[in-house]
**Student:** 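Got a structure for you, questions after.
Chain identifiers are assigned alphabetically (A, B, ...) following the order of the sequence lines, protein sequences preceding nucleic acid strands; residue numbering begins at 1 within each chain. Just so it is clear, the structure is predicted and the values come from calculations on it, not from any experiment. Just so it is clear, the values below take in all heavy atoms, side chains as well, and ignore hydrogens, waters and symmetry mates.
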Number of protein chains: 2
Amino acid sequence: MAEHGYHHGALRQALLSAAADVIGEHGAGALSLRELARRAGVSHAAPQHHFGDKAGLLTAFAEEGFARLADALAPAGDDLLELGVAYVRFALGHPAHFQVMFVPALYRTGDPGVAAARKRSWEALTRGVERQRGGDTADGARKHDLEDAVVAAWSIAHGYASLCLSGALPAGAAGDVDRAARAVLGRLTGQPG
Amino acid sequence: MAEHGYHHGALRQALLSAAADVIGEHGAGALSLRELARRAGVSHAAPQHHFGDKAGLLTAFAEEGFARLADALAPAGDDLLELGVAYVRFALGHPAHFQVMFVPALYRTGDPGVAAARKRSWEALTRGVERQRGGDTADGARKHDLEDAVVAAWSIAHGYASLCLSGALPAGAAGDVDRAARAVLGRLTGQPG
DNA sequence: GCGGGATCTTGACACTGACAAGATACGGTG
DNA sequence: CACCGTATCTTGTCAGTGTCAAGATCCCGC
């Protein structure tokens with residue numbers, strides 16, 4: 001599985017994996033195709049064949065992220081609070097992916113693969129809100145209201161995750177992710193304490 | 001005020017201003033000191049005298065951002081909803097600053113100036129939550145609860161702003177920022193419609 | 001009016017992303 | 001098995017960038 005002379009065998013995945021390490025440690029700005037090639041033990045231009053250019057690599061990286069997010073959200077079913085907790089857990093568990101996914105300047109957001117994976121995630125979120133609100137979304141007014149509710153739920157989960165990752169929060173949340181996330185996200189769904 | 005032969009006169013501010021343009025258009029990753037120098041009409045190494053290195057420039061840029069955020073939050077007083085709206089309005093009105101401020105890998109987050117400006121912003125946010133909850137924060141349990149409430153409020157405002165900027169939201173919010181923000185942020189403070 | 005420090009320039013070096021052309025390995029076809 | 005086409009990887013090159021070092025120019029206080 002390694003040490004082939006010429007062909008690496010699984011270079012594409014190796015590069016994506018190395019990218020997660022680098023971005024997680026030093027941020028997306030410090031990412032270098034040549035550094036990834038070095039880590040994978042191939043020549044400096046090898047990545048180009050698989051991804052075309054840097055944006056191509058990050059596009060694949062973002063797609064991988066959205067796919068994993070949708071997978072991480074699935075077990076939560078349609079329980080809104082659990083969806084939020086799963087969202088936060090994904091962000092803190094895959095900081096590099098999360099970081100890239102929401103910076104459109106880094107990759108080609110219109111890429112079909114990315115769009116499909118992103119749609120899966122959005123649908124998982126929407127399902128949770130629909131269920132919590134009773135499920136009747138027939139008339140326009142209620143539909144508009146539903147969208148606001150989805151955005152609100154997504155916002156608080158996304159914002160909490162972002163603030164955690166950016167180190168802006170006054171520590172605390174470090175150890176017990178789920179509990180802290182629940183305490184914050186619970187504010188939205190009703191239970192105040 | 002311009003066209004000096006050797007001395008630019010206000011290079012530092014000109015560079016920060018140019019940085020806002022570039023980052024706003026092409027993202028922080030596309031920022032180039034040489035490009036900034038070109039836009040300011042100075043030589044390629046001129047920025048170094050004012051900022052030392054790229055991280056130095058972005059540190060100054062982030063500090064400017066936090067200072068402007070604190071200023072933008074001040075008029076909202078201690079009205080929690082208005083604070084949230086002001087926060088979102090700042091983010092959408094200063095996308096470049098907002099984008100840099102919350103990516104610690106880009107600059108020196110420990111810089112004294114940055115820390116001070118950030119503290120001002122945090123205090124403005126906390127004030128709003130304290131007032132909405134009645135003001136009694138004496139005993140420990142309630143204090144802990146207060147912190148959760150601050151984080152929740154900050155999270156939803158920050159998350160909504162981030163999602164808007166990342167283009168992840170299904171359009172809509174574009175035209176009427178204040179209304180859309182109010183509809184979303186209102187979910188947290190109680191009024192459901 | 002002059003000296004010193006702040007401001008800017010010029011020149012250089014290593015590193016990066018991208019391109020082009022060539023080398024090597026793999027898989028199917030005869 | 002021999003062969004060829006293609007996917008994969010390499011080597012070489014170029015412009016652009018960040019950073020450093022040394023020098024030029026300007027402004028202010030004395």
**Student:** Under a 4.0 Å threshold between the charged nitrogen and the carboxylate oxygen, would A:Glu123 count as salt-bridged to A:Arg120?
**Tutor:**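 The answer is no: the pair does not qualify as a salt bridge.
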
**Student:** For B:Arg38 and D:dA15, what is the distance between atoms CZ and C1' respectively, to the nearest whole Å?
**Tutor:**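 The answer, rounded to whole Å, is 11 Å.
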
**Student:** Want to settle it: does B:Ser32 or A:Ser43 sit nearer the 5' end of DNA chain D, counting the closest nucleotide to each?
**Tutor:**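 First, find each residue's nearest nucleotide; the 5'-ward one identifies A:Ser43.
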
**Student:** Would you say the base of C:dT7 and the side-chain of B:Arg12 have a donor-acceptor pair closer than 3.5 Å?
**Tutor:**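 No, no donor-acceptor pair under 3.5 Å.
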
**Student:** Measure from CD on B:Gln48 to C1' on C:dA6 and round the result to the nearest Å.
**Tutor:**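 Rounded to the whole Å, the gap is 16 Å.
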
**Student:** For B:Leu57, report the nucleic acid contact type (base, sugar-phosphate, nothing); a contact means any heavy atom under 4.0 Å.
**Tutor:**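 B:Leu57: no heavy atom of the nucleic acid under 4.0 Å.
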
**Student:** Quick one: A:Tyr107 OH to C:dG17 P, roughly how many Å, whole number?
**Tutor:**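 Rounded to whole Å, this separation is 20 Å.
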
**Student:** B:His44 has an atom NE2; how far is it from atom P of C:dT9, in whole Å?
**Tutor:**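 Atom NE2 in B:His44 sits about 9 Å away from atom P in C:dT9.
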
**Student:** Salt bridge (Lys or Arg N to Asp or Glu O under 4.0 Å) between B:Arg68 and B:Glu63: does it pass, once the steps are laid out?
**Tutor:** CA-CA 9 Å; B:Arg68 289 192 189 174; B:Glu63 175 177 347; over 6 Å; no

**Student:** Expressed as a whole number of angstroms, how long is the span from B:His8:NE2 to D:dC26:P?
**Tutor:**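 In whole Å, D:dC26 P and B:His8 NE2 are 16 Å from each other.
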
**Student:** When the distance from CG of B:Leu11 to C1' of D:dC27 is rounded to whole Å, what number comes out?
**Tutor:**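 Those two atoms, CG and C1', are 16 Å apart.
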
**Student:** Measure from CG on A:Leu33 to P on C:dA18 and round the result to the nearest Å.
**Tutor:**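 So the two atoms are 6 Å apart, to the nearest Å.
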
**Student:** Less than 4.0 Å between a side-chain N and a carboxylate O, is that true for B:Asp53 and B:Arg108?
**Tutor:**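 Yes, charged N to carboxylate O under 4.0 Å.
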
**Student:** Is B:Leu36 touching bases, backbone alone, or none of the nucleic acid, heavy atoms closer than 4.0 Å?
**Tutor:**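 The answer is nothing, as B:Leu36 stays clear of every strand by at least 4.0 Å.
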
**Student:** Within this structure, what is the NE2-to-P distance between A:His50 and C:dA18, rounded to whole angstrom?
**Tutor:**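 Atom-to-atom, A:His50 to C:dA18, this comes out as 16 Å.
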
**Student:** Where does the angle between the aromatic ring planes of B:Phe61 and B:His97 fall among parallel (under 30°), tilted (30 to 60°) and perpendicular (over 60°)?
**Tutor:**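 Answer is parallel, since the angle falls under 30°.
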
**Student:** For B:His49 and C:dC8, is the shortest distance between a side-chain N/O and OP1 or OP2 below 4.0 Å?
**Tutor:**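 For C:dC8, OP1/OP2 do not have a side-chain N/O of B:His49 under 4.0 Å.
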
